[in-house]
Amino acid sequence: MAPHIGVLLAGCGVFDGSEIHEAVLTLLFLGQAGASVTCMAPDMDQLHVINHLTQVPAEEKRNIWAESARIARGEIQNLATVHADDIDGLIMPGGFGAAKNLSDFAVKGPDGTVHPEVKRLITEMADRKKPIGALCIAPATLVMALSDRTPKVTIGNDVGTASAIQTLGGVHQNCKVDEICVDEKNRLVTTPAYMLGPGITDIAVGIEKLVNRLIAFCG
């Protein structure tokens, strides 16, 4: 039976939401692998809205769930209604929203906290030994949620972020953009994606490996 994978989104756009290339590639490779997908996002305002032309904050508010629906073509659930029993695995694409909206890691670093519904679902998945994948900066939020389990992840080779992950109780493994880090004990799979880049064809290799490894965990 094909696995049912949840994709946790954080808005729409690299600077204030989910990184669109990473999210779409995740959905593409899940589809090619025969998995069914449920997209989800928290129902709350983004930390802020960034003009993606100027990279300057805009004077407006946007809802994470509504913005994420742009990527999911409208087929997306409120995160509060999704539970670990509904899915076989979970993937969190990157983009700054993963560290601004799903947690406040981007603002507070190791002193930050995870959105309560995000932490609930991640904890439920981990308690049931169901696999979790995270791309780009999203592993930082994953480590924040599972800090008491010594999670092993990669965000590439950024020294500052790796140090913060270790401060949180995680173990960081340097990886190239086309590589994945696998935590067999906690059933976690991570890849650097646009933390290293430089382009969509480069990140696609690691994301496809992540998707395939996560599905293998589900088997």
Side-chain angles (χ1 to χ4, degrees), residues 3 5-10 13-14 17-33 35 37 39 71 87-100 102-103 105-106 114 118 121-122 125-126 130-146 149-166 168 170-219:
I5 308 300
V7 177
L8 176 55
L9 300 174
V14 58
S18 288
E19 210 298 316
I20 297 172
H21 294 176
E22 293 178 4
V24 171
L25 285 169
T26 296
L27 295 170
L28 172 65
F29 293 132
L30 284 170
Q32 289 179 343
V37 175
C39 290
I71 296 174
I87 54 179
D88 300 307
L90 178 69
I91 299 180
M92 303 164 59
F96 282 106
K100 289 179 176 180
L102 303 186
S103 73
F105 179 83
V114 181
V118 175
L121 182 59
I122 289 174
M125 297 293 289
K130 293 189 173 183
I132 305 171
L135 286 57
C136 192
I137 192 61
T141 293
L142 182 59
V143 170
M144 290 176 77
L146 300 177
R149 307 182 194 221
T150 319
K152 182 174 74 171
V153 301
T154 187
I155 47 80
N157 57 20
D158 182 77
V159 175
T161 307
S163 176
I165 284 171
Q166 291 169 333
L168 285 164
V171 176
H172 183 265
Q173 175 179 308
N174 283 352
C175 281
K176 298 177 182 177
V177 68
D178 61 349
E179 296 177 332
I180 58 174
C181 170
V182 180
D183 180 340
E184 296 281 352
K185 177 184 176 183
N186 293 305
R187 300 169 72 84
L188 309 177
V189 191
T190 51
T191 192
Y194 273 121
M195 284 294 288
L196 292 178
I200 190 169
T201 55
D202 304 290
I203 70 166
V205 179
I207 295 174
E208 184 173 22
K209 289 179 180 178
L210 179 147
V211 167
N212 290 337
R213 186 65 185 87
L214 184 123
I215 287 176
F217 265 139
C218 293

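Side chains are part of it too, since the values below use all heavy atoms of this structure and drop only hydrogens, waters and symmetry mates.
In terms of the side-chain hydrogen bond (donor to acceptor under 3.5 Å, both in side chains) criterion, Asp202 has no residue partners (sequence neighbours excluded). With sequence neighbours left out, Ala106 forms a side-chain contact (heavy atoms from CB on, under 4.5 Å) with Ala99, Lys100. With sequence neighbours excluded, the residues that form a side-chain contact (heavy atoms from CB on, under 4.5 Å) with Leu196 are Asn157, Val177, Pro192. Partners of Arg213 according to the side-chain hydrogen bond (donor to acceptor under 3.5 Å, both in side chains) rule, which considers only residues two or more places apart in sequence or in another chain, are Glu184.
Counting all heavy atoms, side chain and backbone alike, Ile71 lies closest to Ser18 at CD1-CB, 4.1 Å. The heavy-atom pair separating Val153 from Thr190 by the smallest distance is CA-OG1, 3.5 Å. Among all heavy-atom pairs drawn from Thr154 and Asn174, the shortest one is OG1-C, 4.1 Å. A pairwise comparison of heavy atoms in Ile5 and Cys218 identifies CD1-SG, 3.8 Å as the closest pair. When all heavy atoms of His21 and Ile203 are compared, the pair lying nearest together is CB-CD1, 4.2 Å. Shown here for Ile122 and Met92, the closest heavy-atom pair between the two residues is CD1-SD, 3.9 Å.
Note: Asn186 CG to Ile132 CD1 = 8.5 Å, rounded to the nearest 0.5 Å. Between the CG atom of Leu90 and the NZ atom of Lys130 there is a distance of 10.5 Å, given to the nearest 0.5 Å. Taking CG of Leu25 as the start and OG1 of Thr201 as the end, the distance is 10.0 Å to the nearest 0.5 Å. Interatomic distance, Ile215 CD1 to Asp88 CG, rounded to the nearest 0.5 Å: 10.0 Å.
In terms of modelled atom types and a separation under 3.5 Å, the side chain of Glu22 and the main chain of Gly94 share a donor-acceptor contact. Remark: side-chain polar atoms of Lys152 are not paired, donor with acceptor, to backbone N or O of Gln173 under 3.5 angstrom. His172 places no side-chain N or O within donor-acceptor distance of the main-chain N or O of Gln166, the cut-off being under 3.5 Å.
The ring-ring contact (aromatic ring centres under 6.0 Å, His included) pairs that include a residue from residues 197-219 number zero, where partners must be two or more places apart or lie in different chains.
For Lys209, the NZ atom sits in a packed shell: over 12 heavy atoms of surrounding residues, nucleotides or ligands are nearer than 6.0 Å. Counted within 6.0 Å of CZ on Phe96, heavy atoms from surrounding residues, nucleotides or ligands total 12 or fewer; the atom is thus considered open.
Here the side chains of Phe29 and Leu210 are not in contact, with every heavy-atom distance at 4.5 Å or above. Thr191 places none of its side-chain heavy atoms less than 4.5 Å from the side chain of Cys175.
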Below 3.5 Å, can you tabulate the donor-acceptor pairs from side chains in residues 133-142 to any protein atom, sequence neighbours excluded?
unit_1: Thr141; atom_1: OG1; unit_2: Ala98; atom_2: O; d: 2.6
unit_1: Thr141; atom_1: OG1; unit_2: Ser103; atom_2: OG; d: 2.7

Inset, instruction - Walk me through it: do Thr161 and Phe105 pass the test side-chain contact (heavy atoms from CB on, under 4.5 Å)? - result: CA-CA 10 Å; Thr161 307; Phe105 179 83; 4.2 Å; yes
Inset, instruction - For the pair Ile91 and Leu214, evaluate side-chain contact (heavy atoms from CB on, under 4.5 Å) and give the outcome as yes or no after the intermediate values. - result: CA-CA 9 Å; Ile91 299 180; Leu214 184 123; 4.1 Å; yes
